[in-house]
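Below is one structure; the comments refer to it alone.
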Amino acid sequence: MTIRVIIVDDQAMVRAGFAALLSAQSDIDVVGEAPDGRRGIEVSRTTHPDVVLMDVRMPEMDGLAAARELLSPPAGVVHRPKVLMLTTFDVDDYVYEALRAGASGFLLKDAPPADLISAVRIVAAGDALLAPSVTRRLIADFARRRPAAPSGGAALRLNGLTPRETEVLELIARGLSNQEIAARLVVAEQTVKTHIGKVLAKLGLRDRAQAVIFAYESGLVTPGGA
């Protein structure tokens with residue numbers, strides 16, 4: 001199955017470079033591009049991509065506002081693509097807010113070409129791009145600089161999880177991969193995937209990215225905690 005992608009970035013050379021790289025892959029088809037968030041929304045609504053590569057900082061409408069509109073569309077709009085944020089900063093409040101809004105992760109613009117290709121495939125498959133250590137630094141840094149009291153509602157939602165599901169959620173928030181969680185808990189990787197699916201369903205979360213945000217905001221884990 002071919003992955004349909006659009007590229008939203010205000011730099012023409014970035015769009016052209018990413019498009020050339022991705023189009024060279026047999027399983028990826030670049031179906032559109034846009035110079036700002038507003039135009040990106042229009043192109044997405046027309047082309048129905050699987051993945052939107054969205055720059056954070058752009059004129060007219062920035063990537064955060066555009067991501068929110070794509071991921072929470074108005075009544076009558078059915079299509080909701082996966083959104084992968086692009087940034088030049090390894091710690092950026094806008095990216096954190098985009099994860100909260102439902103973006104599937106983020107990637108630094110200076111990442112190796114292979115990382116971009118892999119990121120598109122990971123996000124298209126329904127997973128969140130949270131493996132790079134920079135993502136863990138992003139969330140931990142945000143939480144340190146802007147601490148918030150745990151939400152009572154979030155705590156109540158946590159009560160609906162089994163002890164093992166709570167443990168899996170905590171390990172996800174610590175940045176462990178499915179394979180690492182399986183090794184830590186001495187279970188099969190497929191068992192971990194089953195637990196994650198139940199955690200997402202019970203908490204009403206879209207993906208792994210939102211699970212990490214929820215774990216921090218609910219107080220289940222704290223930056224630097226054991």
Side-chain angles (χ1 to χ4, degrees), residues 1-9 14-15 18-19 21-23 25-34 36-58 61-74 76-87 92 94-109 111 113-132 134-136 138-139 172 175 177-178 193 196-197 199-201 203-214:
M1 180 178 176
T2 301
I3 303 169
R4 296 167 58 82
V5 177
I6 69 170
I7 302 165
V8 185
D9 193 290
V14 171
R15 297 197 305 272
F18 284 2
L21 176 65
L22 294 174
S23 295
Q25 311 307 309
S26 61
D27 59 336
I28 299 176
D29 186 13
V30 178
V31 297
E33 60 178 64
D36 61 70
R38 191 172 305 283
R39 178 63 182 145
I41 293 171
E42 295 173 359
V43 173
S44 178
R45 299 267 164 83
T46 301
T47 61
H48 293 176
D50 300 300
V51 178
V52 176
L53 293 179
M54 181 78 74
D55 188 20
V56 173
R57 302 177 184 276
M58 294 180 290
M61 176 185 281
D62 65 25
L64 175 58
R68 281 176 173 156
E69 191 158 337
L70 286 176
L71 296 167
S72 298
V77 177
V78 177
H79 179 253
R80 289 204 308 177
K82 302 292 193 304
V83 176
L84 177 61
M85 305 301 296
L86 300 170
T87 180
D92 192 316
Y94 285 103
V95 179
Y96 178 91
E97 293 298 334
L99 291 175
R100 291 187 65 192
S104 295
F106 81 101
L107 189 71
L108 296 179
K109 284 188 178 182
D115 285 3
L116 173 64
I117 296 168
S118 176
V120 168
R121 290 171 176 156
I122 288 171
V123 170
D127 293 325
L129 191 67
L130 287 175
V134 66
T135 304
R136 297 194 291 272
L138 166 81
I139 296 172
I172 290 173
S177 67
N178 288 357
K193 292 180 180 178
I196 292 174
V199 168
L200 298 180
L203 297 178
L205 304 174
R206 288 186 59 188
D207 56 27
R208 200 183 190 97
Q210 287 198 325
V212 172
I213 298 299
F214 179 89

With sequence neighbours excluded, what pairs up with Arg39 under the salt bridge (Lys or Arg N to Asp or Glu O under 4.0 Å) test?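 Arg39 satisfies salt bridge (Lys or Arg N to Asp or Glu O under 4.0 Å) with Glu42 once adjacent residues are dropped.
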
Mind checking what makes salt bridge (Lys or Arg N to Asp or Glu O under 4.0 Å) contact with Lys109, not counting sequence neighbours?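 So Lys109 forms a salt bridge (Lys or Arg N to Asp or Glu O under 4.0 Å) with Asp9, Asp55.
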
Taking [X] for its side chain and [Y] for its backbone only, find out whether a donor-acceptor pair lies under 3.5 Å.
X: Arg4; Y: Val31; result: no
X: Ser118; Y: Ala114; result: no
X: Thr47; Y: Val43; result: yes

Do [X] and [Y] make a side-chain contact, defined as non-hydrogen atoms from C-beta onward lying under 4.5 Å apart?
X: Val5; Y: Pro49; answer: no
X: Ile172; Y: Val212; answer: yes
X: Thr2; Y: Asp27; answer: no
X: Met54; Y: Leu86; answer: no
X: Leu53; Y: Leu116; answer: yes
X: Val30; Y: Ile6; answer: no
X: Pro73; Y: Arg80; answer: yes
X: Asn178; Y: Lys193; answer: yes

Listing request: all side chain to side chain donor-acceptor pair (under 3.5 Å) pairs with a residue in residues 64-74, at least two apart in sequence or in separate chains.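 Output for this query is empty, none listed.
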
In this structure, which one of Arg15, Glu33, Met58, Arg38 forms a side chain to side chain contact (heavy atoms under 4.5 Å, CB included) with Val8?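 Testing each of Arg15, Glu33, Met58, Arg38 against Val8, the sole residue satisfying side chain to side chain contact (heavy atoms under 4.5 Å, CB included) is Met58.
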
Within this structure, what is the OG-CD1 distance for the pair Ser23 and Ile28, rounded to the nearest 0.5 Å?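 So the gap between those two atoms works out to 8.5 Å.
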
How many angstroms lie between atom CD1 of Ile3 and atom OG of Ser26, to the nearest 0.5 angstrom?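 It comes to 9.5 Å.
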
Please lay out, stage by stage, how Ser104 and Met85 fare under the test side-chain contact (heavy atoms from CB on, under 4.5 Å). CA-CA 8 Å; Ser104 295; Met85 305 301 296; over 6 Å; no

Between Val120 and Leu22, is the side-chain contact (heavy atoms from CB on, under 4.5 Å) condition met? List the steps. CA-CA 9 Å; Val120 168; Leu22 294 174; 4.1 Å; yes

Grab the two heavy atoms, one from Leu107 and one from Leu84, that are nearest each other, plus how far apart they are.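 Closest approach of Leu107 to Leu84, heavy atoms only: N-CD1, 4.4 Å.
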
Closest non-hydrogen atom pair between Pro81 and Leu71, with its separation: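 So the two residues come closest at O-CD2, 3.4 Å.
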
